[in-house]
Structure formats: C-alpha cells, structure tokens
Colleague: 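Okay, handing you the structure first.
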Amino acid sequence: MIDNKLVIFKRILEEIRGRKERDKPFVIGITGIDTSGKTRFAELFETFLLSAGLKTQLIKLDDFHNPKKIRYSGDDQADNYYHKSFDLKTITEKLLKPVKQKNSYSVKLVLLDLLTDKYEVEKTYSFDKDTIIIFEGVFLFKAELSPYIDFKIFLDVPFEEVKKRAKERDVPIYGEGVLIKYDSKYLPAQRRYLNEFPPERTADLIIDNLDWEHPKIRFIKSYKNR
C-alpha cells in the first residue's frame with residue numbers, strides 16, 4: 001500500500017471515529033462510475049481497518065444482481081442498468097435495515113450467480129456494534145440506499161477515462177463488443193445518476209481517483225464542521 005492511499009485511509013478512519021456511535025455499527029458507502037476503482041479501494045481499505053484491529057464486513061452491490069429476465073426486461077438498456085440491475089429490496093430488507101435496527105446480526109443469503117443465472121451462491125454477513133461495514137458499488141447515493149449509509153465516499157474519474165480503463169480491463173475478457181455497452185448502457189446510466197444525485201451535494205468525501213497510485217482528496221465534509 002503506498003503512502004498517499006494510507007494518508008486517505010487514516011483520514012477516513014478519523015472521520016469514522018468522530019461520527020460513529022458506540023452502540024451501533026457504522027456504514028461507509030464507496031461508489032463512483034464504472035471503472036472508477038471502487039472494488040480495489042474498498043478491499044484495500046478493509047485490509048487497512050483489519051490491520052488496525054477493527055471489525056469489518058464488506059458488502060458488494062454486485063452480489064445482489066437481479067436475474068436476466070429482470071435486468072433485460074426493457075428496450076432501453078441504460079434504463080435497465082440504472083433501475084433493474086440490482087435487487088435493492090433484498091439488500092435493504094436483509095442487510096441495510098437490520099444494520100440500522102440492531103446492534104448484532106447474522107444472516108446467510110443465497111444470491112444470484114451471474115454466470116449460471118441461478119440463485120446458488122451462499123454468503124454469510126454478520127456484524128455487531130463495533131463493526132465497520134464497507135458497502136461498495138454503483139448508484140449508492142440513490143434514494144433507496146442513501147439513508148442507510150453513514151459516510152458517503154465518491155471516487156471521481158472523468159468519463160473519458162472510463163473507456164480507457166474498459167479497454168484494459170474488460171476487452172481482454174469480453175472482446176471489443178463490450179465497449180458498445182459502455183456507450184449505450186453504462187455511461188448513459190451513470191450520467192443520469194449523476195444528474196439526479198450529484199456527488200457535490202450528496203457525498204461526504206470526494207476523491208480524485210484518476211491516478212490510482214496517487215489519489216487525492218478533493219472535498220471532505222468533516223465531522224468537525226458539522
């Protein structure tokens with residue numbers, strides 16, 4: 001882990017300690033547009049917290065996809081991605097609401113396997129009053145999810161950077177055709193989302209993540225200034 005990520009992680013931990021209530025778990029939401037680095041950032045941050053002796057629970061929105069018959073049920077693929085890709089009801093009812101209502105909880109869920117399109121992936125989620133929950137995925141500041149997040153982090157990258165990263169990450173796996181999906185599906189949905197929930201209004205922390213090795217804090221709504 002390089003020094004400037006560590007500096008940011010320490011700052012986030014400072015915010016957690018300033019905001020967290022002693023008898024309740026704490027939820028951090030890490031979001032950004034596609035290829036912004038959400039998953040890597042969340043996983044490294046969890047490693048940092050664990051190394052500090054803290055309890056964590058990582059929740060990935062990608063584990064809560066709807067089956068294909070729902071995800072592709074409309075003609076507008078951008079609308080499908082924005083409104084139909086994820087099973088928000090299950091993630092809120094089975095995880096996010098209990099986080100707010102209980103100080104100790106454990107549940108085993110059977111989730112969708114994207115490759116088989118069948119519900120056959122078992123995952124267990126658990127937390128207590130000392131747990132820091134890291135919630136990672138796209139569209140986290142939507143009205144259905146935002147109320148359950150205690151500290152909202154947005155990883156900012158320009159739209160033109162997305163296609164560059166997609167060529168490096170996705171084309172070797174899915175072929176050149178995947179880039180068409182970025183133009184017709186992913187990026188139009190993200191533009192719609194950012195117009196409705198601009199991070200300048202909704203985020204507690206905005207990180208410039210254009211250079212993954214040298215992220216920078218662009219904006220922070222510190223607990224000290226609340």
Side-chain angles (χ1 to χ4, degrees), residues 5-33 36-64 86-107 109 123 125-156 193-194 196-207 209 215 217-226:
K5 285 196 186 73
L6 186 59
V7 169
I8 291 176
F9 290 165
K10 287 181 177 178
R11 182 60 191 276
I12 297 172
L13 181 55
E14 177 186 335
E15 291 297 319
I16 292 171
R17 287 174 168 158
R19 296 163 181 257
K20 185 181 181 306
E21 298 180 38
R22 289 189 176 184
D23 62 343
K24 294 182 180 179
F26 191 86
V27 181
I28 293 177
I30 298 175
T31 193
I33 63 178
S36 61
K38 301 176 294 298
T39 301
R40 289 176 66 191
F41 191 93
E43 291 173 349
L44 278 178
F45 183 57
E46 182 179 37
T47 299
F48 166 77
L49 292 178
L50 291 171
S51 69
L54 299 170
K55 294 181 180 180
T56 66
Q57 172 64 70
L58 180 60
I59 300 173
K60 297 184 178 183
L61 184 64
D62 274 351
D63 290 332
F64 291 83
F86 303 103
D87 184 357
L88 301 187
K89 181 178 180 180
T90 293
I91 201 169
T92 53
E93 294 294 330
K94 300 296 185 180
L95 286 177
L96 299 178
K97 282 186 179 180
V99 168
K100 290 297 182 184
Q101 297 168 353
K102 306 173 184 290
N103 58 18
S104 181
Y105 180 74
S106 182
V107 63
L109 300 177
K123 291 203 173 187
Y125 299 88
S126 60
F127 62 83
D128 62 26
K129 62 183 180 62
D130 298 317
T131 305
I132 297 171
I133 297 166
I134 303 169
F135 182 25
E136 174 266 317
V138 293
F139 309 142
L140 295 195
F141 299 165
K142 290 178 71 173
E144 298 96 323
L145 300 175
S146 180
Y148 302 101
I149 302 174
D150 299 305
F151 189 69
K152 302 177 178 70
I153 299 173
F154 183 83
L155 303 183
D156 190 25
Y193 165 67
L194 293 180
E196 291 185 30
F197 305 98
E200 294 80 6
R201 190 185 73 211
T202 53
D204 296 296
L205 173 64
I206 299 175
I207 296 173
N209 209 39
I217 292 177
R218 178 177 294 167
F219 165 82
I220 188 164
K221 190 187 300 179
S222 176
Y223 74 95
K224 296 178 181 178
N225 300 322
R226 294 173 73 191

Colleague: With a 4.0 Å cut-off on N to O distance, would you call Lys10 and Glu14 a salt bridge?
Modeller: no
Colleague: Please round to the nearest 0.5 Å and tell me the distance separating atom CG of Leu194 and atom CD of Glu200.
Modeller: 8.5 Å
Colleague: Can you list everything that forms a ring-ring contact (aromatic ring centres under 6.0 Å, His included) with Tyr125? Sequence neighbours excluded, please.
Modeller: none
Colleague: State which residues pass ring-ring contact (aromatic ring centres under 6.0 Å, His included) with Phe41; sequence neighbours excluded, sorted by chain then number.
Modeller: Phe9
Colleague: Passes side chain to side chain contact (heavy atoms under 4.5 Å, CB included), Ile59 versus Ile91? Steps please.
Modeller: CA-CA 9 Å; Ile59 300 173; Ile91 201 169; 3.9 Å; yes
Colleague: For Ala203 and Ile206, which heavy atoms make the closest approach, and how far apart are they?
Modeller: CB-CG1, 3.9 Å
Colleague: Please give me the minimum heavy-atom distance between Ile149 and Leu145, naming the atom from each residue.
Modeller: CG1-O, 3.8 Å
Colleague: Verify, without hydrogens or angle tests, whether Ser126 (side chain) and Tyr105 (backbone) share a donor-acceptor contact under 3.5 angstrom.
Modeller: no
Colleague: Which heavy-atom pair separates Ala42 from Ile134 by the least distance, and what is that distance?
Modeller: CB-CG2, 3.9 Å
Colleague: Starting at CD1 of Ile153, measure out to CD1 of Ile12 and round the result to the nearest 0.5 Å.
Modeller: 3.5 Å
Colleague: So Ile28 and Glu15, side chain to side chain contact (heavy atoms under 4.5 Å, CB included) or not? Walk me through it.
Modeller: CA-CA 10 Å; Ile28 293 177; Glu15 291 297 319; over 6 Å; no
Colleague: Can you list every side chain to side chain donor-acceptor pair (under 3.5 Å) pair that touches residues 86-95, not counting sequence neighbours?
Modeller: Asp87-Thr90, Glu93-Lys97
Colleague: List in chain and number order the residues that pass salt bridge (charged side-chain N to carboxylate O under 4.0 Å, His left out) with Asp62, two or more places apart in sequence or in another chain; answer none if no residue qualifies.
Modeller: none
Colleague: Rounded to the nearest 0.5 Å, what separation is found between the CD1 atom of Ile30 and the CD atom of Glu136?
Modeller: 7.5 Å
Colleague: Looking at Thr131, Asp130, Asp128, which one forms a side chain to side chain donor-acceptor pair (under 3.5 Å) with Lys55?
Modeller: Asp128
Colleague: Nearest 0.5 Å, please: how far is CZ in Phe154 from CD1 in Ile207?
Modeller: 11.0 Å
Colleague: Of all residues at least two apart in sequence or in a different chain, which pass the salt bridge (charged side-chain N to carboxylate O under 4.0 Å, His left out) check with Arg218?
Modeller: Asp156, Asp208
Colleague: Less than 4.5 Å apart, any side-chain heavy atom of Lys102 and any of Pro25?
Modeller: no
Colleague: If the condition is ring-ring contact (aromatic ring centres under 6.0 Å, His included), which residues does Phe139 pass it with, not counting sequence neighbours?
Modeller: Tyr81, Tyr82, Tyr193
Colleague: Kindly indicate, with the supporting measurements, whether the criterion side chain to side chain contact (heavy atoms under 4.5 Å, CB included) is fulfilled by Asp63 and Leu109.
Modeller: CA-CA 10 Å; Asp63 290 332; Leu109 300 177; over 6 Å; no
Colleague: What pairs with Lys142 under side-chain hydrogen bond (donor to acceptor under 3.5 Å, both in side chains), at least two apart in sequence or on another chain?
Modeller: none
Colleague: Taking side chain to side chain contact (heavy atoms under 4.5 Å, CB included) as the test, write out the residues that go with Leu50, two or more places apart.
Modeller: Glu46, Thr56
Colleague: State which residues pass side chain to side chain contact (heavy atoms under 4.5 Å, CB included) with Asn103; sequence neighbours excluded, sorted by chain then number.
Modeller: Lys129
Colleague: Under the criterion side chain to side chain contact (heavy atoms under 4.5 Å, CB included), I'd like the reasoning laid out for Leu95 against Ile133: C-alpha separation, chi angles, the key distance, then a yes or no.
Modeller: CA-CA 10 Å; Leu95 286 177; Ile133 297 166; over 6 Å; no
Colleague: Could you measure the distance from the CD1 atom of Ile8 to the CD1 atom of Ile217? Nearest 0.5 Å is fine.
Modeller: 5.0 Å
Colleague: By side chain to side chain contact (heavy atoms under 4.5 Å, CB included), which residues pair with Asp150, not counting sequence neighbours?
Modeller: Phe26, Val27, Lys100
Colleague: Measuring from atom CD of Glu196 to atom CZ of Phe141, what distance do you get when rounded to the nearest 0.5 angstrom?
Modeller: 14.5 Å
Colleague: Which atom pair, heavy atoms only, marks the closest approach of Val138 to Phe86?
Modeller: CG2-CE1, 3.6 Å
Colleague: Asp204: which residues meet the side chain to side chain contact (heavy atoms under 4.5 Å, CB included) condition with it, sequence neighbours left out?
Modeller: Arg19, Phe151, Lys152, Lys221
Colleague: If you draw a 6.0 Å radius around CZ in Arg22, do more than 12 non-hydrogen atoms from other residues or ligands fall strictly inside?
Modeller: no
Colleague: State which residues pass salt bridge (charged side-chain N to carboxylate O under 4.0 Å, His left out) with Lys24; sequence neighbours excluded, sorted by chain then number.
Modeller: Glu21
Colleague: Please report the shortest heavy-atom distance between Gly137 and Lys38, naming the atom on each side.
Modeller: O-CD, 3.5 Å
